[in-house]
Amino acid sequence: MSLSVALRHRFPGFDLDVAFEAPAGVTALFGRSGAGKTTVVNAVAGLLRPQAGRVAVNGWELFDTESGHWLPPHRRRVGYVFQDGRLFPHLSVARNLRYGRWFTGRRAEDDRFDDIVDMLGIEPLLARRPGALSGGEKQRVAIGRALLAAPRLLLMDEPLASLDEARKAEILPYLERLRDRTEVPVLYVSHSVPEVARLATTVVTLRDGRVAAAGPAAKVLSDPDSIPDLGVREAGAIIPATVVVHHADGLTEFEAAGGRLLLPRIEAEPGRRIAVRIHAQDVILSRTRPEGLSALNILAGRVAAVRRGEGPGVMVQLDCGGERLLARLTRRSAEALELAPGAPCYAILKSVAVARGDVWTPMSG
Amino acid sequence: MSLSVALRHRFPGFDLDVAFEAPAGVTALFGRSGAGKTTVVNAVAGLLRPQAGRVAVNGWELFDTESGHWLPPHRRRVGYVFQDGRLFPHLSVARNLRYGRWFTGRRAEDDRFDDIVDMLGIEPLLARRPGALSGGEKQRVAIGRALLAAPRLLLMDEPLASLDEARKAEILPYLERLRDRTEVPVLYVSHSVPEVARLATTVVTLRDGRVAAAGPAAKVLSDPDSIPDLGVREAGAIIPATVVVHHADGLTEFEAAGGRLLLPRIEAEPGRRIAVRIHAQDVILSRTRPEGLSALNILAGRVAAVRRGEGPGVMVQLDCGGERLLARLTRRSAEALELAPGAPCYAILKSVAVARGDVWTPMSG
Amino acid sequence: AEPVTVFAAASLRNAMDAAIAAWRADTGQPAIAAYAGSSALARQIQQGAPADIFVSANPDWMDVLEQDGLLRAGTRVDLLTNAIVLVAHGRQAESVDVGPSLDLPALLGDRRLAMALVEAVPAGIYGRAALENLGLWDKVEARVVQAPNVRAALALVATGEAPYGIVYRTDAAASDNVSVVGTFAAGTHPPIVYPAAVTAESGNRHAAAFLAFLKGPAARAIFERHGFGVIR
Amino acid sequence: MDWLGPDAWQAVALSIRVAFWATLASLPLAVATALLLARGRFPGRQILNVIVHLPLVMPPVVTGYLLLLTFGRRGAVGSFLAEHFDIVFAFRWTGAALAAAVMGFPLMVRAIRIAVEAVDPGLEQAAGTLGANRCWVFLTVTLPMILPGVIAGALLTFAKAMGEFGATITFVSSIPGETQTIASAVYTFLQVPGGEPAALRLVVVSIVISMGALLVSETLAQRATRRVKGR
Amino acid sequence: MDWLGPDAWQAVALSIRVAFWATLASLPLAVATALLLARGRFPGRQILNVIVHLPLVMPPVVTGYLLLLTFGRRGAVGSFLAEHFDIVFAFRWTGAALAAAVMGFPLMVRAIRIAVEAVDPGLEQAAGTLGANRCWVFLTVTLPMILPGVIAGALLTFAKAMGEFGATITFVSSIPGETQTIASAVYTFLQVPGGEPAALRLVVVSIVISMGALLVSETLAQRATRRVKGR
Ligand SMILES: Nc1ncnc2c1ncn2[C@@H]1O[C@H](COP(=O)(O)OP(=O)(O)OP(=O)(O)O)[C@@H](O)[C@H]1O
Ligand SMILES: Nc1ncnc2c1ncn2[C@@H]1O[C@H](COP(=O)(O)OP(=O)(O)OP(=O)(O)O)[C@@H](O)[C@H]1O
Ligand code: MOO
Ligand SMILES: [Mg+2]
Ligand SMILES: [Mg+2]
């Protein structure tokens, strides 16, 4: 087990009681404003001493109120990206970034410094002080500072919240590489389902200080029960697939349970198992195999369940060769197509509807 | 003209030179981190004295460096939601919210207070102090404080950045109503295209301190040239349509240039002109009219242009009865369907792909 | 009735308080005393302080006020005298013969002689004059430490910080841990006198009477009890 | 009561009165001065700064002497005030309060100024955008934020007023019941043989009083600090 | 040079030396005390608080007298230090520095403490998560943040040391060239009629010196403040 968290703490008017176990990789903390995400992260970092609980990282116990063991924050070696920045105002950006390295003694690694500075696009800011930075610039420096502390555990509290899409697109792959190439577990708070879907190995959903759902990201994110927490537009399924071949036109062909998929190219050798997240609302259903569409992907399956939501929509669960797919339709379409459990049908999906971030190499754990 | 901004200011290493005019309604400031958005907002609020420029709201001049006119911030009657919160730590949430009202003398309006508190879900927090709030709670209080100051101009710098989708969905309609029912112009900074598309009357895109694009939201957001600023996944077209009838199954039927549209119900009487934003990546193309699909909307048109992007995608611009539609496809599909300018084809769109926020009543201005 | 306000040198406190009490018992008239350094009191009188009577530890300041016309003409009298003594640390220090033969440097060794400020405070000025007169000043000048007033000098001896000191007889008498080991003969220094006068601005009709009382036998007994000499 | 003697009790009562009024009366001026020094950008700022610090730099006796020359009955300001406003400092308890206030002023100003300099201008700007003019911003944001510093400054002045003697005795003498404070009484006790026990008793009383003030100020400051930290 | 006279120049040099060392030597202890008072939660905190404030509350003469009793040759601490470390305060300039340091201590501690209380604990926490232990957090975050307060405290102590006279002269007397500071020289001049001009000249010199210290401290503090505000 990589990250084991059990906490009980009571603020006046708020009561936290959570416990979850997460394997290596990124554990996403998901939940509405005030659900207790930051409180959990603070307890893991040692900034909050919870009334009861225990946290261990890769078997290394950070604290245990029962045995009275308590590692002070500076001995926990966490890299914490705070929700509210907390850059050192009296130090230049460069010195903020290098702050953690005084204590790790890893001055040699200056290539990593350049890499991270480059990735975050903060090279021109190095000599400035935080007071003269824009909101997003501050956030990027805070991310860099945490990454450069050579942490054994990364805590990121909405690290990308005020960044533009282009910048996010530059930072996310870095976090993915971090997840895939190092052993550093990450506890990641975010309100963005695409971000979470892309990064998270494990998702823990908090509701009013309690765990509402916890488990592998694919499972939690494609669980129709999570829809209230994720938002209906973010509902979707995660299905496994195997890389077959890379085509010259920038597409990669995959073998999935219900058929072949053509998606934007990813970097993975043929034969590699990957996971694809398919948004329910990107899927079109047809009772007959459609011809002459621009959409390249057609998977054959059978209706498993039809679930009415509020409003004009229904959520249709398909069984495509054993994997579950979700499709969101209007009720009218569902009736017109006579979609009832057991009915055979085809799922149509545009290649471009699957963002690069929706395809990833799942963790072994 | 409702909001007229012209500014020049030089920070060491950053040079701002922007000018734009915006009609009544919400003007979205869009741009990458460090592009100068907050700087513009600060100048409008009077917190930064720019080296040169002039700002006027509804004809009321806030400052003009040429004539030397300078209204101090407290006489500008702006409601500013800061990027970094800035709640008064020594006042309770309730007193924070009421702070602006001391100076407007509008104590009578206590129904508005309750409305806003309700909408923001901060009723249980009223007696607390900001230090004991979560990040999102702070942000909501900051929004409430600005709204309750009875401003003549609202400045919102990423107000929803760290809020969950559900909370956003509660706040956005309020802002829409504010836009539609009052004369208060809003300057709105956001990195979220859906948010901007939904709220903005006018979009101003900044790039490195310069205006890259400015104009009606529909135009800027559907301009392929804006794609680098918006992100390719957010590209799309905004087309006008007329409400025809509301159906019992929660759908509303519209008359658009290329055909009929069935979309999730909106509140607008038949005959009303509305605008619909259609994401390029939600559109599927077919050379023949498809049958038996769950997708309810099929518009007939003709290819106007095909634009190759980087990667495996192309952007196809369609002419549907005079309106321009954007569709994002793989190059492979475009070739398979032999899409060349002039080629007739059908655009297929799922009803549910159009979020409630993608349909709105355009402003008269 | 308005009390008679006496501005008196701080070193007179005990004696003057007793004299005031006696006067009150005698005449039923109230009087109050403000004590401070003579210089401060003189300057305050220059600035119009509500003093009826000034008793200085030092003729110089009385001269200044007299020249400025701040004293009621004809009221100035020399009230008291005092003597300076050599004191040593300890209750039973050996007496010495204070005269030209005194080997003060040997007594001190490498330690210090405590005095009041030798250029500013009367006790210091008198003490220095006496040492000069006895030909001792040059030998001990480097060993002298100067306290801001007699009591502070005495404290240095009392605490053993300095083995010897030169102070007023009136101060030495009551102190623990200090013994008088010798007295400087009156001729070795200018006469130590405490002049007193009614101020020019005094509007108190009892002021002159009080000054007269201070010169009288009842007050004299009190002053003598506190170690002062009384000038007839 | 006999333990101290009636004169001494008078001195105690007077010291409290003097310290209280010295503190209270100098507060507004100290706050204004601290703001000017921390925020103002005007010619002569450094001169004001020097003037504020003078009572610290000069020996107290000199300060008292200058006060005597200025605010004394014959002094320029003193005679003017006496004539036109019937305000007299010379040889009154008000003069003792003035001396204590002057001596404590640099301490109070500095304490407040440090607090002012730590205030986040962002909060004041936020208040401004909400319609508060400078004065309101000060009252509703700045002042609550600097309150711990103001309280600390007040305590320093109060304590200093309890201990101040050099300037006070030089300016207003030590007239029992009128200007004789604890400190000047202690001084005069120490000038005569056998006065030490009485002096010691007075010192103890003054320490006890200041301790009370200290505890009150700590409690107030703690509450204010907690407010400022928003908890 | 003749304008003041050699003795007076000696007093000036000595005052500067005394003020400088009093300030420098008390800084570390003042910072530690301020931290303890602002952050510590230990029994006896209020007692420490009272002790720190004593030199302010007590008349300076009393403080000087107590110093004499404690650090004098026969005093408990004084005899111990003299015997074991060969450190002597009595009648030395070091004693004058000790007296000045003690008198300035409450001012310095308070200035630093106000600054400490304004530090955002969030920044210290951030440093902690990055691996800095308490000591490093203090050196790299807290100290730079409180630097304006430390500088202000140092200035107050320096200025107070220039003006302190009561405690100093009571403790170490006035020995020309050894312990006669500007303030005690001024006092001497003021005791005799006609001494005012000489006293005034000395006071002016001491004001000029303190003004220099003030300007230096303002510049340093401004720089430190700008750093802390992150600009
Ligand atoms: N006081 C200052 N001194 C120097 N440069 C500054 C100052 N304030 C802002 N800048 C620079 O000006 C540029 C624009 O800043 P601004 O805060 O307006 O960006 P922004 O568009 O709001 O970005 P973000 O989305 O990251 O908040 C940035 O590069 C920033 O570093
Ligand atoms: N010091 C405190 N005292 C009292 N209540 C607190 C304190 N800190 C947090 N809370 C409350 O605990 C709850 C959880 O806070 P937390 O900061 O963990 O929320 P969050 O999930 O991080 O929310 P957000 O997404 O808005 O940042 C909130 O309701 C908050 O008001
Ligand atoms: O320092 Mo004082 O206040 O010496 O008399
Ligand atoms: Mg949070
Ligand atoms: Mg910004």
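The sequence lines fix the lettering, A, B, ..., with proteins before strands; numbering per chain opens at 1.
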*State, to 0.1 Å, how close Pro60(E) and Gly163(D) come at their nearest heavy-atom pair, and which atoms those are.*
CD-O, 3.6 Å
*Would you give the length of the straight line joining atom CG of Leu56(E) to atom CG of Leu107(D), rounded to the nearest 0.5 angstrom?*
6.5 Å
_Can you tell me which portion of Phe158(D) sits under 4.5 Å from chain E's heavy atoms? Options are side chain, backbone, both or neither._
neither
_Could you check whether any side-chain heavy atom of Ile209(E) comes within less than 4.5 Å of a side-chain heavy atom of Val57(D), counting everything from C-beta outward?_
no
_Out of Thr181(D), Leu156(D), Val62(D), Leu66(D), return the one with the most heavy atom pairs under 4.5 angstrom to chain E._
Leu156(D)
_Under 4.0 Å between a side-chain nitrogen and a carboxylate oxygen: does that hold for Arg226(D) and Glu117(E)?_
no
*asked:* At a 4.5 Å cut-off on heavy atoms, which part of Leu215(D) comes close to chain E: side chain, backbone, both, or neither?
replied: side chain
*For chain D, find which of Gln222(E), Met145(E), Arg113(E), Met162(E) contributes the most heavy-atom pairs closer than 4.5 angstrom.*
Arg113(E)
_Minimal non-hydrogen separation, Ala118(E) against Ala118(D), with atom names_ = CB-CB, 3.5 Å
*So what's closer than 4.5 Å to chain D heavy atoms on Val61(E): side chain, backbone, both or neither?*
side chain
*Under 4.5 Å from a heavy atom of chain D, the part of Leu202(E) involved*: neither
_Steps toward side-chain contact (heavy atoms from CB on, under 4.5 Å) verdict (Leu190(E), Thr170(D))_ = CA-CA 11 Å; Leu190(E) 284 180; Thr170(D) 310; over 6 Å; no
*For Leu155(D), is it the side chain, the backbone, both or neither that has a heavy atom under 4.5 Å from a heavy atom of chain E?*
side chain
*Check each atom of Val203(D) against the heavy atoms of chain E and say whether the ones under 4.5 Å are side chain, backbone, both or neither.*
side chain
*Do you know which of Glu218(E), Gln46(E), His53(E) has the most heavy-atom pairs with chain D at a distance under 4.5 angstrom?*
Glu218(E)
*Measuring from Ser217(D):OG to Asn49(E):CG, what's the distance to the nearest 0.5 Å?*
7.5 Å
*Checking Ile207(D) against chain E: side chain, backbone, both or neither under 4.5 Å from a heavy atom?*
both
_Between Val186(D) and chain E, with a heavy-atom cut-off of 4.5 Å, which part of the residue counts as in contact: side chain, backbone, both or neither?_
side chain
*Please say whether more than 12 non-hydrogen atoms of neighbouring residues, nucleotides or ligands are located less than 6.0 Å from CZ in Arg74(E).*
yes
